[in-house]
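Data first, discussion second: the structure below is written as structure tokens.
Given the structure is predicted, the values throughout are model-derived calculations rather than measurements.
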Amino acid sequence: MTPRYEPHEIEAKWQRVWEDERAFNVPNPVPGAPTAANHWYQLEMLPYPSGPSLHMGHVLNYTMGDVQTHVRRRSGWHVVRPMGWDAFGLPAENAAIREGRHPRETIERNIETMRAQMKRLGWAIDWEREVAAHQPTFYRWTQWLFQQFVAHDLCYRREGPVNWCPNDRTVIANEYVVDGRCERCGAEVELRNMTQWYMRTTAYADELLEYDLPEGGFWPERTKAIQRNWIGRSEGAEILFQVEETGEDLAVFTTRADTLFGATFFVLAPEHPFVESHASDEAREYARHAGARPVEERAAGTTKTGVFTGFHAVNPVNGERLPIWVADYVLMDYGTGAIMAVPAHDERDGEFAEAFTLPTTVVIDEDGKLVNSGRFDGLPAAEGAQAIVAALEAEGRGKATVHYRLRDWSVSRQRYWGCPIPFIHCERCGVVPVPEDQLPVILPDIEDYAPKGKPPLAQDEEYMNVDCPQCGGAAQRDPDTMDTFVDSSWYFLRYIDSHNDEAPFDRFVVDYWLPVSQYIGGVDHSTGHLLYSRFFVKALNDWGMLGFREPFARMFHQGWVTLGGTKMSKTKGNVEGPDAVTDAYGADAVRLYILFMGPADQDMEWTPDGVEGIVRFLRRVWRVVHEVAERSPNDGVREGPLARKANETIARVTDDVLRRFQFHTPIAALMELLNELSGATDAPDARFAAETAVSLIQPYAPHVAEELWTVLGHERLWEAPWPEADESQLVRETFELVVQVNGKVRDRFEVDVSLSEEELVARARTSERVRSYLDGGEPRKTIVVPKKLVNFVV
RNA sequence: GCCGAAGUGGCGGAACUGGCAGACGCGCCGGACUCAAAAUCCGGUGGCCUUCGGGCCGUGUGGGUUCGAUUCCCACCUUCGGCACCA
């Protein structure tokens, strides 16, 4: 009599066992002692504990990581799989504001519930490595690293235009402004001039375009393309034009030096300093109005506007006088804020020339060769550009340069819930680091942490007023906190050595585990978190703190789990957690179902409708395995049709998970195996098939698998070796020969694999059905694909 | 405009290296069990035609390469993502 499948009892039981056994805790290697060569660092992006529950997107992500972890572990890999909390930052703080509580309270409660949900889903996580960004033991080292960046001139303060979110009342990074709006709250951002801390990401602009990955490393093309677009490297030349009336030089940046002879006028951005210092009253007036408009608005204008400044620039290549205009289609923050205008070969210059009836000179013909370009005539455009730049360079009037779209990362935030910036402002000594032995600078508990436009910490006098560490005089702390992406730029390093209180991490253990073998997370972090983390690792490598230059060897982006067509997220309020389905059917069903919904890298609309199919499957597994345990002889027969199917399934599941990183097709393969097994539970090889099925299901549904493993008389499946396909069983004695006539299938039948090509053709010709198509004649041509088909061409 | 990804039954999707299109599941249809229902089990399920043997069509569109194309090449359409008055 088969007992009922009671997922809740089984799941609670095995989760207790794993915890007592410390089944998924993994020690670090010790210097001098032998280390396992086969190591794997499995990492998924850590969650913001901003909501009171995980959503199905998290469930997808972490279950994928879990399957990978189990299969690797059982295949003999040394696998570390940690977890932590992105506890600082806007999402967490805004959640606390909504609830009217202190962020620490809200966040720590959310962490509790999310951790409980994770444990309830049975994920194999090494909880002893857990970190949270808001713990002083963590942010002490965030502060220490920040000071290192400053010491290495990769972090600095300057005044400049920043993106101000009027709703969140703080500066936000370029990377998190989407279509001119705050990525978090959707409010339109304003430009403000402020003095801020910046990370010098541009110092690594070129290197961030290269992916120096270890063997087996892989980043999706689209992620690289997104980062490439964001960095926006553009090769060109800087060329000096002399202002005829004043003799001073104005530099332009161009990617089309080949069109230099086609320049007919010259344009400055409204913010260009020459405009304010020299231009006519009318031009200055225009510049003041035009420059104040945001870039998006300037771009939206259909007709070009501009004003002549009254000055002329001399084209260094032919001495031509070009009128200098000021126009808002030229931007101050790209290139030099000045352009040579070539209306014949640049669409925008063309529009401008038309609007103000300026002349046009064609300098590239239909064959892509230079014309009207003096001694450069006849050169192909690309060569012409090089030759012209070389000629200018010889005269000191130009040089080849590279420009980037990437800007340095602004990291100061005028909010409370973040890592305090460990610097002190002293009137006499300037900006002074807090001495290392005084770290961490503890985030004080203040009553009123609400954003007011001024940093909340500025109001806490006890916090703000300190003695200068250098001169001992009265000084003030930096009232800002750090962007939460500073925390997440190095958390994956801290996991490896999370209890270290002498250093952020020990190089030996970090060099052992990293780069992260497989990182799983959203593609939306391509230009932010992923880029920042790569920047951090390159810098730390340059300082000798670690021995690699890329943090993540393999990158995988899961698709969005959507509800009502949009991505599940706290801010959009369309969140569906795992609890309802877990309550109804158990964790194993949730895990299988979210992975069975479709390819993990594609978006999927959440609906609990199809979960029935998975529940049916689990009940079927339960019943069939019990039946086999009762009826099938336990004599270890590993041959026969079921054994063959089992071996094929081993090969498919293993290849899909380890090589193809595909998680839904293994479930289909297991269903096929179960379908065959369910009709023959008393076959001699049924027991082997059932054992294989249970063993292969374990990464997906570890609880029921563990239970059924004991039903089959075994123990400790979580550490049992991953099954290996018996190659001899994969070799077939017969195969189904497909016979085509003119590429169309006309017959198919089983034949012996040992048949030669000639014998296959002979067998194919005996087929009645094929003969009727051959019409008694000889085929013009016969194609034989060994072990597959014969094709007659008539 | 530039860069990148993707288009397959009613639905989610499979087919990895050019070789049987639609695995597996959902849904639907029929049957068994039942007083009945649920659950479970068995069978069917791309479209059109059929003398019930089978035939023709079919993977966004149009071409091409090939004995053979969902797969490779060219052009185009659509959708999604990134960048964008970026010189």
Do we get A:Arg534 above A:Trp230's six-membered ring, with its NZ or CZ under 6.0 Å from the centre and within 45° of the axis? no
Would you write the dot-bracket representation of RNA chain B, where each base gets (, ), [, ], | or . depending on whether it forms a Watson-Crick or G-U pair under 3.5 Å and with which partner? (((((((..(((......[....)))((((((.......))))))((((....))))..(((((..]....))))))))))))....
Are A:Trp409 and A:Tyr532 near enough that their ring centres are under 6.0 Å apart? yes
Where along nucleotides 49-56 of chain B does protein come under 4.0 Å, by heavy atom, of base (B) or sugar-phosphate alone (S), with - for untouched nucleotides? ------SS
Answer yes or no: is there an ion pair linking A:Asp249 with A:Arg397, defined by an N-O contact shorter than 4.0 Å? yes
State plainly whether the residues A:Lys567 and A:Asp524 are in salt-bridge range, i.e. N to O under 4.0 Å. yes
Taking A:Arg652 first and then A:Glu672, would you say they form a salt bridge - that is, a charged N and a carboxylate O separated by under 4.0 Å? yes
Comparing nearest nucleotides in RNA chain B, the 5'-proximal residue of the pair A:Phe253, A:Arg405 is A:Arg405
Can you tell which of B:rC85, B:rC3, B:rG19 lies closest to the side chain of A:Asn229? B:rC3
Does a side-chain N-to-carboxylate-O contact under 4.0 Å join A:Arg348 and A:Asp346? yes
With sugar-phosphate taken as primed atoms, P, OP1 and OP2 and all else as base, the protein-contact string of nucleotides 24-32 of chain B at under 4.0 Å (heavy atoms; B, S, -) is BSSS-----
Check the angle between the aromatic planes of A:Phe274 and A:His272 and answer parallel, tilted or perpendicular using the 30° and 60° thresholds. perpendicular
Just to verify, what does A:Thr527 make a side-chain hydrogen bond (donor to acceptor under 3.5 Å, both in side chains) with, not counting sequence neighbours? none
Which ones in residues 523-532 of chain A lie close to RNA chain B, meaning a heavy atom under 4.0 Å from one of its atoms? none
Between B:rC2 atom P and A:Glu235 atom CD, what is the distance in whole Å? 20 Å
Go along nucleotides 66-71 of chain B 5' to 3' and tag each nucleotide: B for a protein heavy atom under 4.0 Å from its base, S when only backbone or sugar atoms are that close, - otherwise. -B----
Side chain of A:Arg660 - closest among B:rU40, B:rA15, B:rC3: B:rA15
